[in-house]
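One structure below.
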Amino acid sequence: TPGRVVVIGGGFGGATCARALAAAGLNVTLVEPSGTYVACPFSNAVIAGLREMSAQTFTYDGLKGAGITLAARAATAVDADARRVRLDDGTELPYDRLVMAPGVDMNFEALPGYDASAAGLMPHAWKAGEQTLLLRRQLETMKDGGTVIISAPPNPFRCPPGPYERASLIAHYLKTHKPRSKLLILDAKDAFSKQRLFTAAWAELYPGLVEWVGLSGGGRVIEVDPVTRTLVTEFDRHTADVANIIPPQRAGAIARQAGVADATGWCPIDPVTFESRLRPGIHVIGDAAIAGAMPKSAFAANGQAKVCAAAVVELLAGREPAPPKLVNTCYSLLAPGNAISIAGVYQPKNGLLADVEGAGGLSPQNASSEVRATEAAYAEAWFATVTGEAFA
Ligand code: FAD
């Protein structure tokens, strides 16, 4: 009987989807090489010394308890015609439907000078774990009066407000511990998520400390030298004491290998079922997918996981899945106990996920500290919920 589903990737998308599929009675194997999952949301607080890594780290014990078979291996190949996944120990897993949620890879071919070894000197910290701790240590050992530079990537990338939340929390660290220091954000874009809210917060909380230079001001970094920590822009060269390079990104390598990524490096999908537009029988969710107006967030991956699982159940039963509505909220910390958010609602339209007009919105521009503190508490509650749904 058809009902064998393989899920590649045990992050917010894959783990949540595997649980929903298992709860529907399907036979689910989750392929994930790492024994623990380190969550990115709130990892900017770790970088700023406000949170421990243990609060970011989860095991897969809960998934085993839910009846999911774990293959603690990397998937190395997908044969979409034969409907088989190959693992790095040579095992072949047959499937009736495959869900891929491999997240992103840093694109180490996109920024001259920035490759995997450069990331050991100029961390991206855009996958939580060692990179997060490296950036934290570099900030800790930097002298007071140093310059921290964040290079922010062009769209699309994982977590649109993430670089600016990071800037806020690093600014908080500098203001508290190294007040003569400066933070410069060199951006490949002219506009970014929650820009007016972030800009107002930097002026209010960190006056004179944070400077942002956008694309038209010459902010796009076109080359780096990791040894001298030099960032080259169209008009200028900057030397950093700590350089956080967030490079351009693309879908995880296995998505490209499986043939579900297009020339953009991301994976086009049907917005009702999340089935690949390029390879039937394979669904792609989370950061790897092209989800139209939906951002690449853990919140989005969680919702897509549930919608995709429901669609897989319907398709395996020979029924037609109904069009979904999806929601996203991204919280960003400006300082401890001080947060803002952006929310949206999405539905399929003309083959993509489109914004539902008039739904969603932003935190108020001049909110009281009570409102900002309440949003920070909502952010904590959201993290507990979303990690619980994936890993508890
Ligand atoms: P991931 O969570 O990256 O999971 C992918 C998994 O696939 C990994 O476990 C990986 O090991 C596995 N994998 C990859 N290749 C293979 C393979 N070949 N075989 C088997 N397994 C494989 N989102 C929010 O909603 N709110 C926030 O506040 C927030 N803050 C963030 C802050 C930062 C600094 C960053 C970087 C991100 C933040 N995000 C936030 C974004 C969020 O982390 C991602 O959107 C989310 O992790 C995407 O989930 P995913 O399942 O697509 O990918």
Side-chain angles (χ1 to χ4, degrees), residues 6-18 29-48 56 58 60 70-78 85-88 93 99-106 123-129 131-132 135 150 153 156-167 169-170 193 244 246 249 251-258 266-267 284-289 291 294-305 308 327-333 339-343 378-380 382-383 385-387 390-391:
V6 173
V7 178
I8 297 178
F12 283 105
T16 307
C17 192
T29 301
L30 176 65
V31 181
E32 167 61 59
S34 177
T36 53
Y37 180 75
V38 186
C40 285
F42 280 93
S43 66
N44 287 330
V46 176
I47 289 165
Q56 301 298 114
F58 300 87
Y60 291 99
L70 250 105
R73 290 282 167 185
T76 53
V78 175
V85 176
R86 173 184 279 269
L87 308 185
D88 62 3
L93 298 176
V99 178
M100 301 189 68
V104 298
D105 275 353
M106 300 308 120
H124 53 77
W126 221 240
K127 289 192 182 188
Q131 281 277 308
T132 313
L135 184 52
I150 297 175
F157 64 101
R158 157 176 285 185
C159 195
Y164 315 97
E165 177 190 64
R166 175 171 293 175
L169 294 181
I170 289 179
S193 177
N244 170 212
I246 308 168
Q249 294 147 42
I254 189 65
R256 288 175 280 129
Q257 193 287 329
W266 306 99
C267 307
V284 185
I285 57 173
D287 286 357
M294 283 194 95
K296 300 188 186 300
S297 76
F299 196 122
N302 168 281
Q304 292 168 7
C308 177
V327 188
N328 178 68
T329 306
C330 282
Y331 297 97
S332 300
L333 290 168
I340 52 176
S341 64
I342 182 168
Y378 290 164
E380 289 275 2
W382 167 78
F383 185 79
T385 302
V386 79
T387 56
F391 304 108

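Only a predicted model underlies this, so the values are computations on that prediction, with no experimental measurement involved. First listed ligand is number 1; within each ligand, the first listed atom is number 1. These values consider heavy atoms only, across backbone and side chains, with no hydrogens, waters or symmetry-generated copies.
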Worksheet, complete the sentence: Closest to atom 34 (C) of ligand 1 (heavy atoms only, candidates Asn44, Leu333, Thr16, Val31) is Asn44
Item to complete: Would you mind telling me if ligand 1 is within reach of the side chain of Tyr37, the backbone, both or neither, using heavy atoms under 4.0 Å?
Response: side chain
Discussion item. Suppose I only count heavy atoms of Tyr331 and a 4.0 Å limit; which atoms of ligand 1 are within that range?
Written reply: 28 (O)
Fill in: Option whose closest heavy atom lies nearest to atom 50 (P) of ligand 1, chosen from Gly13, Ser297, Pro163, Gly10
Gly13
Item to complete: Mark yes or no for whether Gln56, through its side chain, and Pro41, through its backbone, hold a donor-acceptor pair below 3.5 Å.
Response: yes
Worksheet item: In ligand 1, which numbered atoms sit nearer than 4.0 Å to a non-hydrogen atom of Lys296?
Response: 45 (O)
Discussion item. What protein heavy atom lies closest to atom 17 (C) of ligand 1? Include the residue and the distance to one decimal.
Written reply: Ala75 N, 3.7 Å
Worksheet item: Do the side chains of Pro163 and Trp126 get nearer than 4.5 Å, heavy atoms only?
Response: yes
Practice prompt. Nearest 0.5 Å please: distance from the CE atom of Met100 over to the SG atom of Cys17.
Written response: 13.0 Å
Item to complete: For ligand 1, find out whether one of its N or O atoms is nearer than 3.5 Å to an N or O atom of Ala298.
Response: yes
Worksheet item: Who's the nearest protein heavy-atom neighbour of atom 30 (N) of ligand 1, and how far?
Response: Pro41 CA, 3.3 Å
Response to the item:
The atoms of ligand 1 lying under 4.0 Å from a heavy atom of Ala74, numbered in the order shown, are 19 (N)
Response to the item:
A student checking ligand 1 against Pro102 at a 4.0 Å heavy-atom cut-off should list atoms 5 (C), 7 (O), 14 (C), 15 (N)
Worksheet, complete the sentence: A student comparing Glu32, Arg166, Met100, Gln304 should find that the heavy atom closest to atom 9 (O) of ligand 1 comes from Glu32
Item to complete: Side-chain contact test, heavy atoms from C-beta onward, threshold under 4.5 Å: evaluate it for Tyr164 versus Ile150 and give yes or no.
Response: no
Discussion item. Please find the pair of heavy atoms, one from Val284 and one from Ala289, that lie closest to each other, and give the distance.
Written reply: O-CB, 3.6 Å
Worksheet item: atom 45 (O) of ligand 1: which protein heavy atom is closest, and how many Å away?
Response: Asp287 OD1, 2.7 Å
Worksheet item: In Å, rounded to the nearest 0.5 Å, how long is the span from CZ of Phe42 to OH of Tyr331?
Response: 9.5 Å
Worksheet entry | Side-chain heavy-atom pair Thr329, Tyr378 within 4.5 angstrom cut-off | no
Item to complete: Can you sort out which atoms of ligand 1 are near Gly9, meaning under 4.0 Å from one of its heavy atoms?
Response: 6 (C), 7 (O), 12 (C), 21 (N)
Discussion item. Minimum distance, heavy atoms only, to atom 20 (C) of ligand 1: which one of Ala305, Gly162, Pro33, Ala71 is it?
Written reply: Pro33
Item to complete: Note the single closest protein heavy atom to atom 31 (C) of ligand 1, along with its residue, its atom name and the distance in Å.
Response: Cys159 SG, 3.4 Å
Worksheet item: Hey, does Ser43 sit under 4.0 Å from ligand 1 if you only count heavy atoms?
Response: yes
Worksheet item: In terms of atom number and element, which parts of ligand 1 are under 4.0 angstrom from non-hydrogen atoms of Gly286?
Response: 52 (O)
Worksheet entry | Nearest-option assignment for atom 36 (C) of ligand 1, heavy atoms, candidates Phe12, Tyr60, Phe157, Trp126 | Trp126
Worksheet item: If hydrogens are left out, which of Lys127, Glu165, Arg158, Gln131 has an atom nearest to atom 3 (O) of ligand 1, that is, the closest non-hydrogen atom?
Response: Arg158
Practice prompt. Classify the ring geometry between Phe391 and Phe58 as parallel (under 30°), tilted (30 to 60°) or perpendicular (over 60°).
Written response: parallel
Discussion item. Under 4.0 Å, counting heavy atoms only: does Trp382 come that close to any atom of ligand 1?
Written reply: yes
Practice prompt. Report yes if some heavy atom in the side chain of Val104 is under 4.5 Å from a heavy atom in the side chain of Met106; otherwise report no.
Written response: yes
Worksheet item: Do Gln249 and Asp287 have side-chain heavy atoms sitting under 4.5 Å apart?
Response: no
Fill in: Heavy-atom side-chain contact between Leu169 and Ile47 under 4.5 Å
no
Worksheet item: For atom 4 (O) of ligand 1, what is the nearest protein heavy atom, given as residue, atom name and distance?
Response: Gly11 CA, 3.3 Å
Discussion item. I'd like to know whether ligand 1 has Ala101 as a neighbour, heavy-atom separation below 4.0 Å.
Written reply: yes
Worksheet item: Numbering the atoms of ligand 1 from 1, which are under 4.0 Å from a heavy atom of Ile254?
Response: 18 (N)
Practice prompt. Report yes if some heavy atom in the side chain of Asn44 is under 4.5 Å from a heavy atom in the side chain of Leu333; otherwise report no.
Written response: no
Item to complete: Decide yes or no on side-chain contact (heavy atoms from CB on, under 4.5 Å) for Lys127 and Asp105, but give the supporting numbers first.
Response: CA-CA 9 Å; Lys127 289 192 182 188; Asp105 275 353; 3.4 Å; yes
Discussion item. For ligand 1 and Phe299, I'd like to know whether there is a polar contact (N/O to N/O, distance under 3.5 Å).
Written reply: yes
Practice prompt. Apply side-chain contact (heavy atoms from CB on, under 4.5 Å) to the pair Asn328 and Phe299, showing each step before the final yes or no.
Written response: CA-CA 6 Å; Asn328 178 68; Phe299 196 122; 3.2 Å; yes
Discussion item. Do Asp88 and Pro33 make a side-chain contact, defined as non-hydrogen atoms from C-beta onward lying under 4.5 Å apart?
Written reply: no
Worksheet item: Of all the non-hydrogen atoms in the protein, which one sits nearest to atom 37 (C) of ligand 1, and at what distance?
Response: Cys40 CB, 3.3 Å
Practice prompt. Answer yes or no for Gly252: is there a heavy-atom contact with ligand 1 below 4.0 Å?
Written response: no
